[in-house]
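All values derive from a computational prediction rather than experimental measurement.
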Amino acid sequence: MKSKITVNKKFSIGDIDRRIYGSFIEHLGRAVYEGIYEPTHPTADDMGFRTDVIELVKKLSIPIIRYPGGNFVSGYNWEDGTGDKSKRPRRMDLAWGSIETNQVGIDEFQEWAKRVGSEVMMAVNLGTRGMDEARNCVEYCNSTTDTDYANKRRANGFEAPFGIKVWCLGNEMDGPWQLGHKTADEYGHLAAESAKVMKRVDNTIKLVACGGTGYSRAGEWEYKMLDYTYPYVEYVSMHSYFKNPDNNPAAYMSKLDEVDDYINGVVATCDAVKLKKKSNKVIHISYDEWNVWEHSIENDRARRDADRWTSARHQLEDVYTFEDALMIGGMLMILQNHCDRVKMACLAQLVNVIAPIMTEKGGKAWTQTIYHPFFYASNYGNGKTLRPCIESETYDVENGRTGVSYLVSSVIYNEEAGEVIVFALNRALDEDMELTVDLDGFTGCKLTEHIELYNDDLKAVNDRDTQRVAPANVKIGKKIRLKKHSWNMLRYKVD
Ligand code: AHR
C-alpha cells in the first residue's frame, strides 16, 4: 500500500506548547508509595524518593505533572500533607478504598517535581470541600505575605513559595462516581467563586475548569458551566481512557478519530460561549487525563474488598501491550495536530498506576511499552506543527467508523534544530506501507534517522526483565517503509 504526506513550510497549525507532554501522579494504588516514594529502597535519596524512578521520569522530559488527583482529590484535605510527618493523620481514602498515610503531600511533591525537572499542576478539592480551602492552599503554596498560611509554609521549612502556576478546579465534577459531584450549574457557580478567591490570592495563576468526563459526557456540561466560569478560567479539561474490549485492533485504533471529534466539539463549545458573551478571550484545552485503562479492571474489581483499607494497594496496574503503545503514539500525534487549542495534556498516569513506569517494592523499576512513543514525542516533537495533507487508503469498522485512514501522522518543524520530524502510525494490520514525504518549501532535506516501534505480536508486553517492545533504528534506504501496525519517527535535517 502507498501513502503520502505533504506539508508546506508556510502552513503551520501552531506552536507546540511543551506542556502537552505532561503527566499525572495521583494518591492511588502504588503511584506515590512504592512508586515515587520508598524510603527503604536501596536507591532512595535524602527525602525517600526512588532515584531509579527519578531517572526514568527525567528521560521523558515531562514539563508539568498533575497532582494529587484524580478522584482522590475530591475527598482530600491538602493540609494533611504538610508539616511534621510524625503528626500527619492516617485517613480513609473514600475514592479508592485505601488508607492514606499522608507521608507525602504538597511539601514533598513539589520537591520531587523539581528533582524530575517538572512543574506542578495542582488540583483543589471542590467535592467535599470548597472555595475556602482552595484559597488557603493557594496562599500556602504561592504567597509571600506575612499571613497565616504563608507563615505555615515557612514554619514547615519552605521560605520560598512553591510558585505553582496551574490549578485545576476540582476533578471530573460531572461524574456520579466523584465525591461531591455536581450539576453543571452547581459546579459552574462554585468553580467561578473559587476561581475568584484563588486569583485574588495570586493573580498570576491559570485555572482549569472541569469539562464533561469523556466524549460521551461532553457538550451540554461545558456549555452550561462555562456560562459561569468563562471570565475566570483559561482552560477546560478533557479526559479519555481507551479500551479494546472486543479484541478488535482496527476498531481500537479507529478511536483516535473520535478524539479528533471530541477536541473539535469541546473547542466549538468554548467558542459558542465566547460568542454568547461577546468575549475576546479564547479558552484552551487541558487534556489532563488520557491513556489506555483496561487490563487491570477485572482484577481490581475481583480484589476490591480483599485488601480494602490498606495502603499502597495494587490498583490500576495495567500491563501494556504493543497495540497500546500504538494507541499512545497515535494519540500524541492527535494532540500535536491540535496544538492551536490543546495547550496542556497529561498522560494518566506516570508510575505503577496505568503507567509507563513500573516498580517493584525494594526492587527494580522498568519501562512499559507505552513509555517509548511518549519518549520520542516529548523529546523530539518540539516546534511548529505543520498542516499535513495525508493521502492514504482507508478502512471501515464493522458497526463503527468508516473512512478511517490507515496512516496517522503529525509533522513538526523545529526551526532551532534545523529539523523536520515526521511521526507516522500505520494502522493496517496486515500490510506494510510505502510512504512518500513531500516537504514543500524546505531545502536541503535529508532523512537522517528512522526509529520504528514494531512487534509482530500486538499483545507483546514488557516486564521487569525483558523489553520485548522497544524502539529500533531502521536502515535508511531509497524508500520509506512503514511496517504493518507500526509506529515510526522520521527525522529530516533541513537548511
Ligand atoms: O486516572 C484514574 C482516574 O480516572 C482518576 O482518578 C479519575 O480522575 C479518572 O476517572
Legend entry - Cationic N near anionic O, under 4.0 Å, Glu119 to Lys165: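 No salt bridge links Glu119 with Lys165.
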
Legend entry - Phe322: partners by ring-ring contact (aromatic ring centres under 6.0 Å, His included), with sequence neighbours left out: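 With neighbours one apart ignored, the set is His485.
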
Legend entry - Donor-acceptor contact present, side-chain Asp288 to main-chain Cys346, <3.5 Å: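 It does not hold such a pair.
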
Inset, instruction - Ignoring hydrogens and angles, tell me if any N or O in the side chain of Asn426 forms a donor-acceptor pair with the backbone of Leu407 under 3.5 Å. - result: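 No; judged by distance alone, with no hydrogens or angles, the pair does not exist.
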
Inset, instruction - Determine whether the aromatic ring centres of Tyr67 and His27 lie less than 6.0 Å apart. - result: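 Yes, ring centres under 6.0 Å apart.
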
Inset, instruction - Write out all pairs satisfying salt bridge (Lys or Arg N to Asp or Glu O under 4.0 Å) with one or both partners inside residues 367-395, taking only residues at least two apart or from two chains. - result: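 The answer is Asp15-Lys384.
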
Inset, instruction - Please collect all salt bridge (Lys or Arg N to Asp or Glu O under 4.0 Å) contacts where either partner lies in residues 246-257, sequence neighbours excluded, each pair once. - result: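 Only Asp257-Arg427 qualify under salt bridge (Lys or Arg N to Asp or Glu O under 4.0 Å).
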
Once side chain to side chain donor-acceptor pair (under 3.5 Å) is applied, do any residues pair with [X], and if so which ones, sequence neighbours excluded?
X: Asp260; result: His338
X: Thr213; result: Asp174
X: Glu108; result: Arg88

Please enumerate all residues that pass salt bridge (Lys or Arg N to Asp or Glu O under 4.0 Å) together with [X], with sequence neighbours excluded.
X: Arg18; value: none
X: Asp324; value: none
X: Lys196; value: Glu193
X: Glu234; value: Lys199

Legend entry - side chain to side chain contact (heavy atoms under 4.5 Å, CB included) partners of Asp17, counting only residues at least two apart: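 Per chain and number, Asp17 pairs via side chain to side chain contact (heavy atoms under 4.5 Å, CB included) with Arg19, Lys343.
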
Legend entry - side chain to side chain contact (heavy atoms under 4.5 Å, CB included) partners for Pro471, two or more places apart: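 For Pro471, the residues satisfying side chain to side chain contact (heavy atoms under 4.5 Å, CB included) (neighbours in sequence not counted) are His372, Tyr376, Ile451, Leu453.
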
Legend entry - Side-chain donor-acceptor contact under 3.5 Å, Asn488 with Tyr454: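 Result is no, nothing qualifies.
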
Inset, instruction - Going by the salt bridge (charged side-chain N to carboxylate O under 4.0 Å, His left out) test, name the single residue among Asp456, Asp430, Asp432 that passes it with Lys484. - result: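 So the option named by the test is Asp456.
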
